[in-house]
Amino acid sequence: MFGLKSIRGGVHPETKKDLTSERSILTALPLPKKLYLPLSQHAGVESRPQVQVGDKVLKGQLVARSGGSLSANLHAPTSGIIAAIEPIVAPHPSGLPAVAMVIESDGEDRWKDLPTLNDPLDLSPDELADRVEEAGIVGMGGAIFPAAVKLRQGRRFEIKTLIINGSECEPYLTCDDRLMQEQAAAIVDGARMIRHIIEAYEVVIAIEDNKPDATAALKQAAAPYGMINVINVPTHYPMGSAKQLIQAVTGKEVPAGGRSNDIGVLVHNVGTVYAIHQALRLGRPLISRIVTVTGACVKTPHNVEALLGTPVRDLIQACGGLTAHPARLLMGGPMMGQIIPSIDSPVIKGTTGVLALNQREVNEHLPAPCIRCGRCVDACPMGLVPLEMAKHSGADDFDQAQDFGLRDCILCGSCAYVCPSHIPLVQYFEYAKGELRERRNNESKQEYTKRLMDQRNERVEREKAAKAAAKKAKKRASRKTKSPAESES
Amino acid sequence: MFTATLVLTALGLLLGWLLGVAAKVFAVEENPIVNEVESLLPGSQCGQCGFPGCSAAAEAMVEGTAAVNCCPPGGRALTEALAELLNVDLNSLGDAPVPQLARIEASLCTGCTKCYKACPTDAIVGATKQIHAVISKACTGCSKCKDVCPENCITLAPEPVTLNNWHWTKPEAA
């Protein structure tokens, strides 16, 4: 279609996007009484609090600073008082606690003084990247990788094509679709700024062909700018995965273990582009995002603009509440989303959707033995052999699993979707990847402790030698002072 | 001149021959597998296996007097690697050892500095009459600090599960 190469493998799940795609984004939700901001909403280490319990904060004020190279800043989503900095149940399938900042809103929703900005396109790329970092923007498609780091990496390579990812291939989710329809001009503006930062030759906004309204809106907004192309890609899961989208748009494949930079491409999600526009044009940090609230158990599914830290319960309330007790509560899409342990879990930067699914939608089956039909091999968009990877992961033979391509698995779930035996293939891969990560960490710790021990032994030796030398010197000195005294007497 | 050259040459040859003979006669036989095992071990000489250091443990493992799962810092990965190298059946062993971490109970610590002087990897920070703390990144779980603590305020436990190290468990077999 359109002369584009499609992607390898993949599946065509029922999209269910019609639940929300025709309804405009709900803005101005009632202000939650309390907002819960986990300190870790990004790829790297926790951010470090910059305020204390009891402090008054204004909307948009920096409350926690990036704690490392892959970490990100956090800002107060509304004005109020820091009520606590304490562990809460994380929006994570493990149900483990995570330290969060609890902000009690004062109901005024008062912004801090926003700076008056010059035209960002007049500023230097490095300065703009710094501003993106300051605004705490991370990959809004769910990858939560700091956007500024990606931009700076992009500056070190020759980027031919900047791809703006509007494909949104996950079923149910329409947050990007609605954003593109309602904020097309802002997205095009954001794309121009990113192009300016990484000095890309051309910009391609790629949208799956099941979103004609969004395509039309962006085409119109992009018309004055020659270097921005708006194209359609086939509706085909997992088109929204960076590697697959690059293949569909440029025909090039990212090498195994490589990055998109290596072939001169950089991909940013439309949500991230919109956040970058907000930060560079209006000086607003990332404090809210669009979340698709949907599923058969939600009364009137909608996209909502939610402040970060808003409990999921409030979002569902804004959409008319639950009609039944959900069989499963997910954060993200149904293919790659994660189960959340509680309806009180807060929205974080990577929350693309909240799904309250009923039993029929979950469609759970007991797994049966593998019949080696090979459907997962056909479905794998990375060209791997899922059945062998799962077999070896199940037997804890991780080296073999890696030989079959575990490292390149993007955990898209296409294999598990087509499996007639309902084998939880992705869980096998998550398990194996987790075990391998643990082993790598343990190995690097052993190297580290060995180095520490060697350094300590060296130091102890040195101290001993220094002590002995000092003793000798003292002895000699005392003998010298003694001898003249003796001669005097 | 000529005699001196002759004598020195003869002396050189004789001593060289002696050295050669000594190297053959008094050669210490070293099992190459021991070296291989030792290179796999963590090398922090923590002594949790009950041997004075990693090389002694390696020898004992090759001889078969020590089990391949006696090294807690190495964890399951090391046990598997050793079992393959030494041809040991993994099922004949008990559970794989779990790496331990020391923790100081701050309410009991008097700041005596004994533990941080004993720590072989400098994993404890503190000063006289200040509460000490363990840097878990550098702790091998050797329990040398626990042995010297006069307040009995150091405990050893496996690393707690947090969001950073949690991962999905293996699905139950169909």
Looking at B:Pro120, B:Pro99, B:Gly75, B:Cys139, which one has more heavy-atom pairs under 4.5 Å with chain A than the rest? B:Pro120
When every non-hydrogen atom of B:Pro73 is compared with those of A:Asn442, the smallest separation belongs to O-ND2, 3.1 Å
May I ask you to decide if B:Ser136's main-chain N or O and A:Lys445's side chain share a donor-acceptor pair within less than 3.5 Å? yes
Salt bridge between B:Glu80 and A:Arg439, side-chain N to carboxylate O under 4.0 Å? yes
Hey, is NZ on B:Lys170 packed in by over 12 heavy atoms from elsewhere, all under 6.0 Å? yes
Given B:Thr169, B:Leu41, B:Thr140, B:Asn165, the one with more heavy-atom pairs under 4.5 angstrom with chain A than any other is B:Thr169
Give me the atom names and distance for the closest heavy-atom approach of A:Thr449 to B:Ser44. OG1-CB, 4.2 Å
Part of A:Ser421 within contact of chain B (heavy atom distance under 4.5 Å): neither
Would you give the length of the straight line joining atom NE2 of B:His167 to atom CG of A:Leu436, rounded to the nearest 0.5 angstrom? 9.5 Å
So for B:Cys46, is it side chain, backbone, both, or neither that comes closer than 4.5 Å to the heavy atoms of chain A? neither
Minimal non-hydrogen separation, B:Leu163 against A:Ser94, with atom names: CD2-OG, 3.5 Å
I'd like to know whether CZ of B:Arg76 has more than 12 heavy-atom contacts from other residues, nucleotides or ligands below 6.0 angstrom. yes
Heavy-atom proximity to chain B below 4.5 Å, by part of A:Glu435: both
Exam field: side chain A:Gln427 to backbone B:Trp168, donor-acceptor pair closer than 3.5 Å: no
Which of these, A:Met453, A:Arg459, A:Gln455, sits in a side chain to side chain contact (heavy atoms under 4.5 Å, CB included) with B:Asp122? A:Arg459
Does a sphere of radius 6.0 Å around CD in B:Glu84 hold more than 12 heavy atoms from other residues, nucleotides or ligands, not counting ones at 6.0 Å or beyond? no
Who wins among A:Leu366, A:Asn441, A:Asp396 for the most heavy-atom pairs under 4.5 Å with chain B? A:Asp396
First locate atom CD of A:Glu443, then atom CG of B:Leu78, and finally report the distance between them rounded to the nearest 0.5 Å. 9.5 Å
So which part of A:Arg437 gets closer than 4.5 Å to some heavy atom of chain B, the side chain, the backbone, both or neither? side chain
